[in-house]
**Student:** 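Take a look at the following structure, please.
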Amino acid sequence: MEERLVEHHIEKILKKEVTIGIIGLGYVGLPLVLRFCEAGFKVLGFDVDSKKVALLKRGTSYLKSISSSCIAQFIKKGLLDVTDDFSRLKKPDCILVCVPTPLTEKKEPDLQYIEKTTDSIRSHLRKGQLIVLESTTYPGTTEELILPKLESTGLKIGKDFFLGYSPEREDPGNKRFTTHEIPKVVAGVTPSCKKMVTTLYSQVIQKVVPVSSPRVAELTKLLENIYRSVNIALVNELKMLADRMGIDIWEVIEAASTKPFGFAPFYPGPGMGGHCIPIDPYYLSWKAQEYDFATRFIFLAGEINVHVPYYVVNKIQDALNGRGKSLKGAKILILGVAYKRDVDDARESPALAIMELLQKKGATIFYHDPYIPSLPPFRRYLFRLKSSPLTERLLRRIDAAVVVTDHGLIDYGWVVKHAPLIIDTRNVTKNMKRWAKKIVKA
Ligand SMILES: NC(=O)c1ccc[n+]([C@@H]2O[C@H](COP(=O)([O-])OP(=O)(O)OC[C@H]3O[C@@H](n4cnc5c(N)ncnc54)[C@H](O)[C@@H]3O)[C@@H](O)[C@H]2O)c1
């Protein structure tokens, strides 16, 4: 009987007769919405931000990587509807949760968004619904936090409703891999949950990778991000040592990258940015405490990466000093405030830490970022600044330009030609030996 019911739900997924509900329409949720629409599913998007809902209803995108026409076509076809009315959660057969998982001030998991969403789902849970968490989180969240809340309705897991976890691997700004080309790890709480989750994602993703439990899938995502965090910290530390030794770390990495096995290049930068890699590892270190375990690599990587903006500011100070100038009173142009190349997102960007440190030392800051016209208030920072047009006049007025984000739109050769001094944290001046006297790598 139970198996027949599961087969019935699977049949509906295969025939695309299910409605997909996606909660949290941000960098992760919105591309997923479009992928399901592209594949011919009806999608109902949910967000607490009524401004986003209103924009989407009008067929307008708020993300640089997604065109408005892409959204408008699905709204027009009747495949996509969006709402901030969570009582409509009864409608979707499959609900995917893509809400934020930030840290509290004390670097502890802030699960309020997952908890609130679970409460909304619980209030409307009905037989046959499949719930999948996509947000990055510590191992155990799906089964220890979400499952008990949903079971408190009296409905039975694996029989009346289904629950799974599938981490998102979205890489904003990456044009090489689209959502459906990135393999997706999936897991279910029970075998029937796993079957449902696998079937669902197989309709929209080229390669689905089922694993034995949600905890395995949760830790898989954290391993991917910790791997990046630790390796970035390693090259950042080596960069600081190489600088002291008078060696160009970029040349070293390029040479090491010629090894055809056992080496994957990571590149140093101005510090760790974005809202995944600086944050997610702490979800694991927090959970590890429950097992009397200290995740030393995570803390060490965090410590090194947090230090890099201070190092960059010291390099700026030294470079100015070498020209008989002080940071106090200096006019500094920050080139790029986004947390990485060609994205319009400055959350957790190391540019913000660098700018604050420079201001504290009395420098006057300008910034230019083609994707970020003005700086909104951030969790830890408040700058009342607008992007300055990048002109020869501006470059002549400043004492130094600091390349923090290597956006493809900026002509660095032209910048180097006109600026008095360049502090380069991204190696954009690699082939500019002619201007070596005014270039400082940091
Ligand atoms: N951005 C990435 O590159 C990326 C990649 C992989 C995984 N992730 C993970 O995916 C999750 C979402 O990240 P994101 O970058 O899309 O965040 P985001 O801030 O861009 O989007 C989250 C959306 O959820 C909405 N929201 C907040 N609380 C809500 C609630 N209670 N109900 C409904 N909607 C709510 C917000 O208004 C926002 O639109 C996080 O766990 C993140 O760690 C992000």
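Read the numbers this way: they start at 1 and go in the same order the structure lists the ligands and their atoms.
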**Student:** Determine, for R379 against E348, whether the closest basic-nitrogen to carboxylate-oxygen distance falls under 4.0 angstrom.
**Tutor:**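 Looking at R379 and E348, the cut-off is met.
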**Student:** Is a side-chain N or O of K239 found less than 3.5 angstrom from the main chain of G269, in a donor-acceptor match?
**Tutor:**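 Yes, because the side chain of K239 sits within donor-acceptor range (under 3.5 Å) of the backbone of G269.
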**Student:** Which label fits F41 and F36: parallel for a plane angle under 30°, tilted from 30 to 60°, or perpendicular past 60°?
**Tutor:**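 If you compare the ring of F41 with that of F36, the planes turn out perpendicular.
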**Student:** Check whether the ring centres of Y371 and H407 lie less than 6.0 Å apart, and answer yes or no.
**Tutor:**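 Yes, the ring centres sit under 6.0 Å apart.
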**Student:** Tell me whether D243 is salt-bridged to K441, with the criterion being a basic N under 4.0 Å from an acidic carboxylate O.
**Tutor:**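 No.
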**Student:** Sort out the contact shell of ligand 1: every protein residue with a heavy-atom distance below 4.0 Å, listed by chain and number.
**Tutor:** I23, G24, L25, G26, Y27, V28, D47, V48, D49, K52, F86, C98, V99, P100, T101, Y113, T117, S135, T136, E168, E170, P172, K221, H275, C276, R347
**Student:** Applying the side-chain contact (heavy atoms from CB on, under 4.5 Å) criterion to V403, which one of I422, V416, I334 satisfies it?
**Tutor:** I422
